> 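Dropping a structure here in structure tokens format, bear with me for questions.
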Amino acid sequence: GGLKSKGQVTILPGGVLTINNRAGTGNANLYIGRNNVSTGASDSGVFDMRGGTLNASLNNLVIGVHTAGSGSGVGTLYFETGTINVAGNVTLADPDTSANPANTTGQINQTGGAINITGGVIDGGGASTIRLENGTMTVGNGFDVDNLLVGLAKASGNVTATLTVNGGAVRIGDGSAGSSLSIGLRDSDTGAKTLGTVNLANATSANIQVDTVQLGAVVGTVGGGQGGGERQAHPPHGWKCDDRRPDDRSRGFACRRPHR
């Protein structure tokens with residue numbers, strides 16, 4: 001989707017899609033939901049690889065862009081199986097000079113596979129979300145997102161989700177209403193098990209300031225109970241985390257690296 005339009009890419013069950021440059025030997029750029037024009041109109045782009053395999057070699061991945069005006073750009077990536085390698089950065093929700101920056105959104109929904117980012121994850125100033133329900137995401141230099149979920153087991157089976165940031169500053173949430181951090185969730189009281197891990201041991205700093213924190217929680221129930229199964233949450237490795245004081249209006253979740 002781009003230039004006031006709407007676009008959707010899907011894949012046949014069991015299909016395989018490979019993305020690289022035109023020569024077939026290098027990286028490409030991938031834009032999803034790029035409304036790169038001054039306009040009051042909105043566009044949306046959905047890149048839905050559920051049911052198939054995606055192997056992509058990218059320079060940059062940009063999801064959700066709106067250049068200017070009162071409109072918006074909305075981009076969503078669904079990724080289930082395969083490997084995405086990004087040599088540069090992943091940018092989510094870039095409203096540029098848009099009159100309504102919060103209307104521009106960028107979201108990654110990962111339910112398996114591996115995403116490897118040499119650069120960083122950049123919040124462009126709109127509403128950015130990463131839902132790493134299952135699989136791995138490794139980031140080389142910086143991680144900036146409004147909403148983060150790592151590890152969500154559904155009735156279909158067990159999951160192991162791991163986010164690793166190997167350098168740079170980390171920001172999760174900006175203290176605004178609705179921002180959230182969730183690690184190790186289960187959506188019902190079935191026997192499904194969840195292991196969600198966020199490893200920030202090599203990050204240079206972390207600022208986690210969210211409206212809602214869920215660690216090792218059941219977010220839905222069957223028959224009114226919460227028995228069965230397991231859910232585990234590993235807070236950022238190497239960091240000490242605590243709730244903000246009740247009189248702190250930011251209502252955030254503060255993490256800091258211990259003194260060495």
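None of the values given here were measured: they were computed from a predicted structure.
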> CG/Leu132 to OG1/Thr197 distance, rounded to the nearest 0.5 angstrom?
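Spacing of CG (Leu132) from OG1 (Thr197) equals 10.0 Å.
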> Do the side chains of Val159 and Leu215 join up, straight or via other hydrophobic residues, at under 4.5 Å, putting them in one cluster?
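Shared cluster, no.
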> Hey, could you give me the CG/CD1 distance between Leu149 and Ile108, rounded to the nearest 0.5 Å?
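Between Leu149 CG and Ile108 CD1, I get 13.0 Å after rounding to 0.5 Å.
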> State, to 0.1 Å, how close Asp146 and Ser179 come at their nearest heavy-atom pair, and which atoms those are.
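Heavy atoms of Asp146 and Ser179 come nearest at O-CB, 3.6 Å.
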> Taking all heavy atoms of Ile19 and all of Phe47, pick out the closest pair and write down the distance.
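Nearest pair, atom of Ile19 first, then Phe47: CD1-CZ, 3.8 Å.
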> Do you know the tightest heavy-atom contact between Val198 and Val150?
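That would be CG2-CG2, 3.8 Å.
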> Any idea which heavy atoms bring Gln107 and Ile63 closest together, and the distance?
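That would be N-CG2, 3.8 Å.
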> Taking the side chain as everything from C-beta on, heavy atoms only, tell me whether Val9 gets closer than 4.5 Å to Met49.
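They are in contact (side-chain heavy atoms under 4.5 Å apart), so the answer is yes.
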> Check for a donor-acceptor pair, side chain of Asn55 on one end and backbone N or O of Thr83 on the other, with a separation under 3.5 Å.
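Yes: the side chain of Asn55 pairs with the backbone of Thr83.
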> Rounded to the nearest 0.5 Å, how far apart are OG1 of Thr81 and CZ of Arg50?
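If we round to the nearest 0.5 Å, Thr81:OG1 and Arg50:CZ are 12.0 Å apart.
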> Would the distance check show the side chain of Thr118 and the main-chain N or O of Gly88 forming a donor-acceptor pair, the cut-off being under 3.5 Å?
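No, Thr118 side chain to Gly88 backbone: no donor-acceptor pair under 3.5 Å.
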> Quick check for you: to the nearest 0.5 Å, what is the distance between Asn20 atom CG and Thr18 atom OG1?
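Output value for this atom pair is 7.0 Å.
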> Return the minimal non-hydrogen interatomic distance between Thr111 and Glu133, and the atom names on each side.
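For Thr111 versus Glu133, the nearest heavy atoms are CG2-OE1, 3.6 Å.
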> Please report the interatomic distance CG(Asp48) to OG1(Thr10), rounded to the nearest 0.5 Å.
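Answer for the CG-OG1 pair, Asp48 versus Thr10, is 7.0 Å.
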> What I want to check is whether the side chains of Ser128 and Asp123 have a donor and an acceptor closer together than 3.5 Å.
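There is such a pair (donor and acceptor under 3.5 Å, judged by atom type) between the side chains of Ser128 and Asp123.
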> Please list, one pair per line, the donor and acceptor atoms closer than 3.5 Å that link side chains of residues 134-144 to other protein atoms, with sequence neighbours excluded.
{"from": "Asn134", "atom 1": "OD1", "to": "Thr160", "atom 2": "N", "distance (Å)": "3.1"}
{"from": "Asp144", "atom 1": "OD1", "to": "Arg171", "atom 2": "NE", "distance (Å)": "2.3"}
{"from": "Asp144", "atom 1": "OD1", "to": "Arg171", "atom 2": "NH2", "distance (Å)": "2.6"}

> Is the backbone N or O of Leu152 less than 3.5 Å from a side-chain atom of Thr194, with the two atoms forming a donor-acceptor pair by type?
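A pair under 3.5 Å: no.
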> Identify the two heavy atoms, one from Asp211 and one from Gly178, that lie closest to each other, and give their separation to 0.1 Å.
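Closest approach of Asp211 to Gly178: OD2-N, 3.5 Å.
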> Is there a side-chain contact between Phe79 and Leu54 in this structure, where contact means two heavy atoms from C-beta onward sitting under 4.5 Å apart?
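Yes, at least one pair of side-chain atoms sits under 4.5 Å.
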> Are Thr129 and Thr105 side-chain neighbours, meaning at least one heavy-atom pair lies under 4.5 Å?
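Answer no - side chains too far apart.
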> Once rounded to the nearest 0.5 Å, what's the spacing between atom CD of Gln110 and atom CD of Glu80?
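The CD atom of Glu80 is 10.5 Å from CD of Gln110, to the nearest 0.5 Å.
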> Compare all side-chain heavy atoms of Leu77 with those of Leu61 and state whether any distance is below 4.5 angstrom.
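A side-chain contact exists here, since the closest heavy-atom pair is under 4.5 Å.
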> Using atom types as modelled and distance alone, determine if a side-chain donor or acceptor of Asn158 lies under 3.5 Å from a backbone N or O of Lys193.
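Yes, Asn158 side chain to Lys193 backbone: donor-acceptor pair under 3.5 Å.
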> Could you see if Ile122 belongs to whatever hydrophobic cluster contains Leu163? Use Ile, Leu, Val, Met, Phe, Trp, Tyr and a side-chain cutoff under 4.5 Å.
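No; Leu163 is not reachable from Ile122 via cluster members.
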> Below 4.5 Å, heavy atoms only, C-beta onward: do Leu92 and Ile130 meet side chain to side chain?
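Yes, close enough: below the 4.5 Å cut-off.
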> Looking only at atom types and distance, does a side-chain atom of Asn60 sit under 3.5 Å from a main-chain N or O of Asn89, one as donor and one as acceptor?
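Judged by distance alone, yes, a pair lies under 3.5 Å.
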